[in-house]
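What follows is a set of notes on a single structure, which appears directly below.
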Protein chains: 2
Amino acid sequence: MTRGPRRSVHPDAVLDAALELIDEGALTMRALATRVGLTPGALYTYFPDRSAIVTALADRLLAEADLSLLDDPSLPPHQRVENYSLALREVLLAHPAAVPAILGAAFNGPMALRVGESLLGVLPDARATYTVMVYVLGAIALEAADLEAFGTPPPPEPDRVAARRAALLIDPEQFPRTYRELDTIAAYNSTGQFRWGLHRVLAGLSGS
Amino acid sequence: MTRGPRRSVHPDAVLDAALELIDEGALTMRALATRVGLTPGALYTYFPDRSAIVTALADRLLAEADLSLLDDPSLPPHQRVENYSLALREVLLAHPAAVPAILGAAFNGPMALRVGESLLGVLPDARATYTVMVYVLGAIALEAADLEAFGTPPPPEPDRVAARRAALLIDPEQFPRTYRELDTIAAYNSTGQFRWGLHRVLAGLSGS
DNA sequence: ACCTGAACACCGTTCAAGT
DNA sequence: ACCTGAACACCGTTCAAGT
């Protein structure tokens, strides 16, 4: 019974443009309006305010990670969690500037609910589920912050690790333990470290 | 040989005022200048720009958690990590609005380096150290985001858990597992969940 | 060096008026 | 309902000029 669209642009097109602008470094209502061919005031018939756009965007980004990775019955539970976590990490790190919004806003959104429900099907109890979410989102948040320091698009991971290693100038007298671990520290923000930590976390949750 | 101060206010006083304004909900250069009795432009003789203020503030906040908790030789390593983590959590959750800045900025700061060095004295290897930092900072970030939804000062933890529980209206048909765990989910942002998860993470790291 | 006053180039949001 | 044009009340930052 709904009539044809009266809007000149689809709300999803607004979110597309918003994500582009976040990736480019600055999401403003004025730039967003220009990009979709509207006047700033017109955006307020699509979303009540700027924060509603960011929230909607965060939830949509969360939806891009394939949730069915958690359901594959042919794989052991920990493998499913790892597969989904890696997928989520990839999706979110493709848009590092949007990550802070996700931690703040979207984990109350509708998609976050679905993620939680699926995770509960794989892990022993709710506390374990939350512990994994904390680790995965925490790692992604720290990586995203670091990633923003590089250009856009950022150089590949090995180059980033090498650049970080070269930038770490540590006084061995003052920070002897740090100095000894510089190679590992330079690789903190890497897929390898992410997986290593996730394995340890899951191991700890199994023994409970 | 340095002469007496020529500045009308100490840089630390600028940071004090900046933290107040963050806690009140909005740190602007203009409000900050007014609070310390200056004109906005004068702030730029103290800090090169707004982000430098936020970075300095984040590092100072990090310094408020007692690092010596990690060194106490009379306690087992895991107990020391827990004591410090709880102290850091308390310091940061007292200023939830400042937490995003800490994740983004300060973990390259001078104080972050000292935290890392001390942690390396307690935990087996650098990868384990980072895994703990990810868990602790991730949990604090998620809790801080939630805490900002409450007033200032926020109600005590049990009241917050109860309020969250009452707000969780879940369809048992669509989200059966979530529905079954509502009490636990309402307590995600609590000292108990934080400690439980930290114990599991540390257990996982011991077995490596 | 530190600070003021004033300006520049922006913001998010509102709202009467048009279609 | 959707949109424009214009305004309101802000921003961070710069800079000549004063001390």
Side-chain angles (χ1 to χ4, degrees), chain A residues 1-59 97-98 100-102 104-106 145 148-149, chain B residues 1-59 97-98 100-102 104-106 145 148-149:
Chain A
M1 300 311 136
T2 61
R3 308 247 198 77
R6 243 169 286 237
R7 320 183 91 112
S8 67
V9 298
H10 193 82
D12 278 345
V14 176
L15 293 181
D16 286 336
L19 184 56
E20 281 177 27
L21 287 167
I22 282 194
D23 288 342
E24 291 166 19
L27 167 60
T28 71
M29 298 299 274
R30 289 168 136 94
L32 182 56
T34 300
R35 188 144 313 188
V36 296
L38 291 174
T39 243
L43 291 174
Y44 292 81
T45 57
Y46 292 81
F47 296 94
D49 55 27
R50 188 186 182 282
S51 80
I53 295 176
V54 173
T55 300
L57 194 55
D59 206 65
I102 288 160
E148 283 195 83
Chain B
M1 299 317 135
T2 62
R3 308 250 198 75
R6 242 169 288 233
R7 319 185 92 111
S8 68
V9 298
H10 192 81
D12 278 346
V14 176
L15 294 181
D16 286 337
L19 184 56
E20 281 176 27
L21 287 166
I22 283 193
D23 288 343
E24 291 166 19
L27 168 60
T28 72
M29 298 300 274
R30 290 168 135 93
L32 181 56
T34 300
R35 186 143 316 186
V36 296
L38 291 174
T39 241
L43 291 174
Y44 292 80
T45 57
Y46 291 80
F47 296 96
D49 55 26
R50 187 186 183 281
S51 80
I53 296 176
V54 173
T55 301
L57 194 56
D59 206 66
I102 287 161
E148 283 195 83

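To find a chain, count down the sequence lines: A is the first, B the second, and so on, and within it residues start at 1.
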(message) Tell me which residues in residues 27-41 of chain A lie within less than 4.0 Å of DNA chain D, going by non-hydrogen atoms.
(response) A:R30, A:L38, A:T39, A:G41
(request) Work out which heavy atom in A:F47 is nearest to a heavy atom in A:A56; give both atom names and the distance. (result) CE2-CB, 4.0 Å
(message) Is any side-chain heavy atom of A:R50 closer than 4.5 Å to one of A:L32?
(response) no
(message) Nearest 0.5 angstrom please: B:I102 CD1 to B:L57 CG, how far?
(response) 7.5 Å
(request) For A:F47, report the nucleic acid contact type (base, sugar-phosphate, nothing); a contact means any heavy atom under 4.0 Å. (result) nothing
(request) Please collect all side chain to side chain donor-acceptor pair (under 3.5 Å) contacts where either partner lies in residues 14-25 of chain B, sequence neighbours excluded, each pair once. (result) B:D16-B:R60, B:E20-B:R35, B:D23-B:H95, B:E24-B:R35
(request) Can you run through DNA chain D from 5' to 3' and write each base as (, ), [, ], | or . depending on how it pairs? Watson-Crick or G-U wobble, both distances under 3.5 Å. (result) ||.|||||...|||||.||
(request) Output yes when a side-chain donor or acceptor of B:T39 lies under 3.5 Å from a complementary backbone atom of B:A42, and no otherwise. (result) no
(request) Over all heavy atoms of both residues, which pair between A:D49 and A:Y44 is shortest? Give the atoms and the distance, please. (result) CA-CE2, 4.0 Å
(message) Please identify the 5'-most and 3'-most nucleotides of DNA chain D with any atom under 4.0 angstrom from a heavy atom of chain B.
(response) D:dC11 to D:dT14
(request) Take atom P in C:dA9 and the same atom in D:dA9, then report the distance between them in whole Å. (result) 22 Å
(request) Sequence neighbours left out, what passes side chain to side chain contact (heavy atoms under 4.5 Å, CB included) with B:S8? Give chain and number order. (result) B:L38, B:Y46
(message) Can you list, in residue-number order, the parts of residues 11-20 of chain A that come under 4.0 Å of DNA chain C, counting heavy atoms only?
(response) none
(message) I need the minimum non-hydrogen distance between B:V54 and B:A101, along with the two atoms involved.
(response) CG1-CB, 3.2 Å
(request) Provide the closest heavy-atom pair for B:I53 versus B:A18 in the form atom of the first, atom of the second, distance. (result) CG2-CB, 3.9 Å
(message) Can you give me the closest heavy-atom contact between A:V36 and A:A17, atom names plus distance?
(response) CG1-CB, 3.8 Å
